[in-house]
> 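Here you go, one structure.
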Amino acid sequence: MKKILILGGGTSGWMAAACFAKVLRPLGIDVVLVESTEIGTVGVGEATIPSILSFIQLLGIDEREFIQATQASFKLGIHFVDWRNLGEAYWHQFGTVGANIDGVEFYQHWLKSQRRGNAAAFTDYAPAVVMAQKNKFSRVGDDPRHTLHGAKYALHFDATLVAAYLRRYAEERGVVRIDAKVESVILRDGGNVKSIILNDGCEIDADFFIDCSGFKGVIIEKALQTGYEDWSAYLPCDSAVVAQTTNVGAPAPYTQSTALTSGWQWRIPLQHRTGNGYVFCSKYSDRDTAKELFCRNLQGSLITEPRFLSFITGKRKKLWNKNCVAVGLASGFLEPLESTSIHLAMKAVLKFIEMLPAGNSTQATQDEYNRVMDAEYLSIRDFIILHYCTTQRRDTDFWKYCAAMAIPDTLQNKLELFRAQGRLYRDEFDLFTRNSWYAVLEGMGVRPEAHDPLVDLSHVDEVANMMNRALRLMEQAADGLPDHQQFMMENCRAPDPSN
Ligand SMILES: Cc1cc2nc3c(=O)[nH]c(=O)nc-3n(C[C@H](O)[C@H](O)[C@H](O)COP(=O)(O)OP(=O)(O)OC[C@H]3O[C@@H](n4cnc5c(N)ncnc54)[C@H](O)[C@@H]3O)c2cc1C
């Protein structure tokens with residue numbers, strides 16, 4: 001392996017380039033990135049999950065500098081509004097919810113306590129939610145002595161600024177960037193990719209190709225004809241209308257996801273503006289109706305005109321095919337309900353580095369990579385479907401479809417097991433923890449018929465006292481923290497872009 005070519009300069013292309021600059025350039029491997037400013041990037045993708053912080057750390061990037069350069073704000077979880085029923089809301093927290101009691105999961109104790117009339121919601125015991133509800137933020141989650149220990153956070157950021165930041169990082173470390181349009185891809189006998197031909201006629205060859213060319217999949221699909229698994233029967237949304245607005249008030253430390261008539265709308269507050277989008281299903285809403293509803297639900301005034309994007313939920317049949325790995329939108333699409341695409345791009349790049357072939361890759365290497373990445377994709381897919389298939393809404397044809405649709409066996413089995421006694425088992429590659437599943441299941445009103453009998457070994461009044469005390473202490477601790485806005489202004493204030 002002497003030379004790797006990355007096609008595409010969106011978030012995923014520059015994430016790959018930055019990682020390769022850090023890890024593969026010192027091995028003497030040349031890295032070239034080709035992108036076309038004429039084609040541009042998708043320009044969305046602004047909410048993340050906590051793994052983004054490990055990525056920044058791995059690259060040796062200072063978190064404060066990154067936040068300032070990308071106008072980032074902090075994210076403690078997602079607030080889901082109107083998903084179960086109109087007028088109802090719930091939280092999906094980052095980090096822990098309560099703690100095991102007498103060796104049994106907190107959720108099981110909470111179930112029993114709920115049945116005895118304890119009114120607090122499950123995620124009221126999540127330190128991240130206690131902070132989010134009060135618009136507070138501090139990095140106390142990592143401090144084992146702090147009452148709010150266990151809260152985790154991620155970032156909301158400006159996707160264009162992230163690509164620009166990572167580009168600087170990668171170019172400073174020797175990645176070569178070429179601004180050109182790829183016109184065609186040349187294959188060798190046997191089907192491996194030999195080179196790409198640019199619009200100026202130049203031919204660039206490489207030993208390995210990372211396709212980050214977005215939905216088109218210029219190498220993985222157009223040239224290698226890998227094929228696509230279509231999951232739209234489970235996740236029927238296929239369109240989005242997106243726009244940026246001015247901030248109204250201080251940015252909240254969480255993403256808001258509001259279910260609308262034929263999909264859902266996100267609100268992602270950054271330091272300098274808010275990102276918005278309505279993900280909808282074109283079978284149940286035309287574009288004009290979607291745009292009208294989207295604009296009606298916006299806060300603040302428009303900075304950019306609403307624009308539409310189309311997609312098909314699913315993934316390439318092989319994420320590694322021949323001497324090409326697809327990363328980001330070129331690898332597939334899962335709607336941004338749980339902000340998982342950037343995480344998947346990061347996983348793809350790190351897994352590729354872990355399995356880096358010395359020369360030609362063996363079939364076994366490709367198969368193993370595909371097995372692991374498929375499992376990652378599938379577990380996230382099922383978690384996203386969970387938000388739809390458990391809805392109690394029947395007010396529109398879209399929600400009626402979601403409530404009645406067939407779901408994958410993997411999710412069906414999980415739900416059946418859960419409904420009996422609240423048991424959940426995670427597979428090796430599941431991204432989301434049991435607490436994440438409990439939060440969404442409970443938020444959507446799915447409760448097991450009985451609690452784990454082991455809970456009955458604990459003294460019920462002692463447990464109730466412990467839980468009440470924990471709530472009180474967490475509330476007090478959160479009251480003592482700075483507001484999210486104040487924390488950002490004091491610790492990582494980004495420059496005013498209008499100056
Ligand atoms: C509506 C929506 C909302 C989303 N929200 C989130 C979110 O909140 N969180 C999250 O994690 N993810 C989100 N995503 C996904 C996220 O946007 C992407 O994962 C991320 O932006 C990476 O995109 P990309 O780099 O793969 O593709 P793109 O940004 O599309 O980049 C493609 C690159 O390939 C180049 N290119 C294409 N064809 C050629 C060619 N022929 N020659 C040369 N260059 C070419 C383009 O110029 C561009 O540089 C969202 C996606 C959508 C559609």
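Indexing begins at 1, ligand by ligand and atom by atom, following the structure's order. Counting from 1, the numbers follow the sequence of the chain as shown. This is a predicted model, so every value here is computed, not measured.
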> Is the shortest N/O to N/O distance between Val218 and ligand 1 below 3.5 Å?
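No - when backbone and side-chain N and O of Val218 are compared with those of ligand 1, no distance drops under 3.5 Å.
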
> Side-chain donor-acceptor pair under 3.5 Å between His92 and Ser436, yes or no?
yes

> Mark up the atoms of ligand 1 that fall under 4.0 Å of a heavy atom belonging to Lys181, in ascending order.
42 (N), 43 (C)

> Let me know which of Thr48, Ile49, Leu53, Ile52 forms a side-chain contact (heavy atoms from CB on, under 4.5 Å) with Tyr153.
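Answer to the side-chain contact (heavy atoms from CB on, under 4.5 Å) test with Tyr153 among Thr48, Ile49, Leu53, Ile52: Leu53.
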
> Considering only non-hydrogen protein atoms, determine which one is nearest to atom 37 (C) of ligand 1 and report residue, atom name and distance to 0.1 Å.
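It is Ser213 O, 3.4 Å.
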
> Show which atoms of ligand 1 fall inside a sub-4.0 Å distance from at least one heavy-atom site of Gly328.
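Checking each atom against Gly328, I get 26 (O).
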
> Would you say Ser285's side chain and Ser282's backbone share a donor-acceptor pair under 3.5 angstrom?
no

> Quick one: look up the protein heavy atom nearest atom 35 (C) of ligand 1 and list residue, atom name and how far away it is.
Gly8 CA, 3.7 Å

> Please determine if Ser36 has a nitrogen or oxygen closer than 3.5 Å to a nitrogen or oxygen of ligand 1.
yes

> Between Arg273 and Asp158, is there a salt bridge with N-O shorter than 4.0 Å?
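Counted as a salt bridge, because a side-chain N and a carboxylate O are separated by less than 4.0 Å.
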
> Quick one: are Trp83 and Leu337 in side-chain contact, heavy atoms under 4.5 Å?
yes

> Ala180 near ligand 1, heavy-atom distance under 4.0 Å?
yes

> Looking at ligand 1, does any of its N/O atoms fall within less than 3.5 Å of an N/O of Gly9?
yes

> Any N or O of Gly43 that comes nearer than 3.5 Å to an N or O of ligand 1?
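No, there is no polar N/O contact under 3.5 Å.
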
> Using a plain distance cutoff, I'd like to know if Ala47 has any nitrogen or oxygen under 3.5 Å from a nitrogen or oxygen of ligand 1.
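Ala47 vs ligand 1: N/O contact under 3.5 Å present.
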
> Tell me the protein heavy atom at minimum distance from atom 52 (C) of ligand 1, and give that distance in Å.
Val44 CG2, 3.5 Å

> How far is atom 13 (C) of ligand 1 from the closest protein heavy atom, and which atom is that?
Gly45 CA, 3.4 Å

> With a 4.0 Å heavy-atom cut-off (strictly under), which part of Leu7 contacts ligand 1: side chain, backbone, both or neither?
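The answer is the side chain of Leu7.
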
> Are Glu229 and Arg316 within salt-bridge range, i.e. N to O under 4.0 Å?
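Looking at Arg316 together with Glu229, the answer is no, because their closest N to O distance does not fall below 4.0 Å.
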
> Which of the numbered atoms in ligand 1 are below 4.0 angstrom from a heavy atom of Ser339?
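Answer, ordered by atom number: 9 (N), 11 (O).
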
> Are the aromatic ring centres of Tyr369 and Phe352 under 6.0 angstrom apart?
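Distance test on ring centres: not under 6.0 Å, no.
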
> May I ask you to decide whether Arg25 forms a salt bridge with Asp30, counting only side-chain N to carboxylate O separations under 4.0 Å?
yes

> Is the closest N or O pair between Trp266 and ligand 1 shorter than 3.5 Å?
no

> Taking only Lys NZ, Arg NE, NH1 and NH2, and the carboxylate oxygens of Asp or Glu, determine whether Lys136 and Asp483 approach each other closer than 4.0 Å.
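Salt bridge: yes.
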
> So between Phe308, Phe333, Tyr278, whose heavy atom ends up nearest atom 53 (C) of ligand 1?
Phe333

> Check if Gly40 has a non-hydrogen atom at a distance under 4.0 Å from any atom of ligand 1.
yes

> Does a side-chain N-to-carboxylate-O contact under 4.0 Å join Asp374 and Lys315?
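Judged by the 4.0 Å cut-off on N to carboxylate O distance, Asp374 and Lys315 do form a salt bridge.
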
> Grab the two heavy atoms, one from Ala72 and one from Gln271, that are nearest each other, plus how far apart they are.
O-NE2, 2.9 Å

> With a heavy-atom distance limit of 4.0 Å, tell me whether Ala240 approaches ligand 1 through its side chain, its backbone, both, or neither.
side chain

> Is the shortest side-chain N to carboxylate O distance from Arg139 to Glu63 below 4.0 Å?
yes

> Are Lys2 and Asp205 close enough for a salt bridge, meaning some N to O gap below 4.0 Å?
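Salt bridge absent between Lys2 and Asp205.
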
> So that I can tick it off, tell me whether Arg167 and Glu171 are bridged by a salt bridge, with the cut-off set at under 4.0 angstrom between side-chain N and carboxylate O.
yes

> May I ask whether Cys212 has any heavy atom positioned less than 4.0 angstrom from an atom of ligand 1?
yes

> Identify the closest protein heavy atom to atom 39 (C) of ligand 1: which residue and atom is it, and at what distance?
Ile39 CD1, 3.4 Å

> Can you tell me which residue and heavy atom of the protein come closest to atom 11 (O) of ligand 1, and the distance to 0.1 Å?
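In this structure, atom 11 (O) of ligand 1 has Ile342 N, 2.9 Å as its nearest protein heavy atom.
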
> Please list the nearest protein heavy atom to atom 15 (C) of ligand 1 with its residue and the distance rounded to 0.1 Å.
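Ranked first by proximity to atom 15 (C) of ligand 1 is Ser341 CB, 3.4 Å.
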
> Against the six-membered ring of Phe66, is Arg64 placed for a cation-pi contact (under 6.0 Å from the centre, within 45° of the normal)?
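Geometry flag: not set, cation outside 6.0 Å or 45°.
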
> Please state which option from Gly217, Pro336, Ser310 has its nearest heavy atom closest to atom 3 (C) of ligand 1.
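Ranked by closest heavy atom to atom 3 (C) of ligand 1, first place is Pro336.
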
> With only distance considered, is Ile268 within less than 3.5 Å of ligand 1 through an N or O on each side?
no

> Report yes if His343 has an N/O atom closer than 3.5 Å to an N/O atom of ligand 1; otherwise report no.
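Between His343 and ligand 1, no N or O pair is found under 3.5 Å apart.
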
> Tell me, please: is Gly277 in heavy-atom contact with ligand 1, that is, under 4.0 Å?
no

> Does the pair Lys216/Glu221 count as a salt bridge with the N-to-O cut at 4.0 Å?
no

> What protein heavy atom sits nearest atom 26 (O) of ligand 1, and how far off is it?
Ser12 OG, 2.7 Å

> What part of Glu46, side chain, backbone, both or neither, has a heavy atom within less than 4.0 angstrom of ligand 1?
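For Glu46, the contact with ligand 1 is made by the backbone alone.
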
